[in-house]
Peer 1: 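Next up is a structure, given as structure tokens.
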Amino acid sequence: MSVHQRILAAMVQGRLPQARALLARQLAAHPGDAVAWFLPGRLLLQQGQPEAGAAALARTLQLDTGHADAALDLGMLRAAAGAGAPAVARAGGGLARHPAHGRALLLL
């Protein structure tokens, strides 16, 4: 099982301290790991920390401009905050890269 799979399993199973520890180790060892930035973005959103989650998602997109899920999560977060046009543009970017992505279609 990869480190990303272990982190995701810990998140899904509610073992958040373990997920945070695994993420911290992975990011310390591999600060350019876009997936390792995406996972805490999701975790922070789940924990009700939208600003910190948005920052991690934005870092994901800096490292991997083609990360559709990060683009979609950030777009949905912005849409919820009332930033409709930027959210649709962000979702549109995700759709351009992955036209069959169901979550992106929900924003349009």
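Counting begins at 1 with the first residue of the sequence.
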Peer 1: Could you state the interatomic distance from CZ (Arg42) to CG (Asp73), rounded to the nearest 0.5 Å?
Peer 2: 4.0 Å

Peer 1: Are Met1 and Ile7 co-members of a hydrophobic cluster defined by side-chain heavy atoms under 4.5 Å apart?
Peer 2: no

Peer 1: What's the spacing between Asp69 CG and Leu74 CG if we round to 0.5 Å?
Peer 2: 12.5 Å

Peer 1: Spell out, yes or no, whether Leu23 and Leu63 are grouped together once hydrophobic residues are joined by side-chain heavy atoms under 4.5 Å, including indirect joins.
Peer 2: no

Peer 1: Quick check: closest heavy atoms across Thr60 and Ala70, and the distance to 0.1 Å?
Peer 2: CG2-CB, 3.7 Å

Peer 1: Show the nearest heavy-atom pair for residues Leu39 and Met11, with the distance to one decimal.
Peer 2: O-CE, 3.5 Å

Peer 1: Search all heavy atoms of Ala28 against all heavy atoms of Pro31 and return the closest pair with its distance.
Peer 2: O-CD, 4.1 Å

Peer 1: Mind jotting down which residue pairs meet the side chain to side chain donor-acceptor pair (under 3.5 Å) criterion with at least one end in residues 20-32? Sequence neighbours excluded, please.
Peer 2: Gln26-Asp33

Peer 1: Can you name the residues that form a side chain to side chain donor-acceptor pair (under 3.5 Å) with Gln46, not counting sequence neighbours?
Peer 2: none

Peer 1: Please set out all donor-acceptor pairs under 3.5 angstrom arising from side-chain atoms of residues 51-59, sequence neighbours excluded.
Peer 2:
unit_1: Arg59; atom_1: NH1; unit_2: Gln62; atom_2: OE1; d: 3.1

Peer 1: Could you list the residues that satisfy side chain to side chain contact (heavy atoms under 4.5 Å, CB included) with Ala24, not counting sequence neighbours?
Peer 2: none

Peer 1: Quick check: is Leu22 connected to Leu27 through a chain of hydrophobic side chains (ILVMFWY, heavy atoms under 4.5 Å apart)?
Peer 2: no

Peer 1: For residues Leu8 and Phe38: do they belong to one hydrophobic cluster (side chain heavy atoms under 4.5 Å, members Ile, Leu, Val, Met, Phe, Trp, Tyr)?
Peer 2: yes

Peer 1: Taking the side chain as every heavy atom from C-beta outward, state whether Trp37 and Asp64 have any atom pair closer than 4.5 Å.
Peer 2: no

Peer 1: In terms of hydrophobic clustering (I, L, V, M, F, W, Y; side-chain heavy atoms under 4.5 Å; direct or indirect links), are Leu44 and Val12 co-clustered?
Peer 2: no

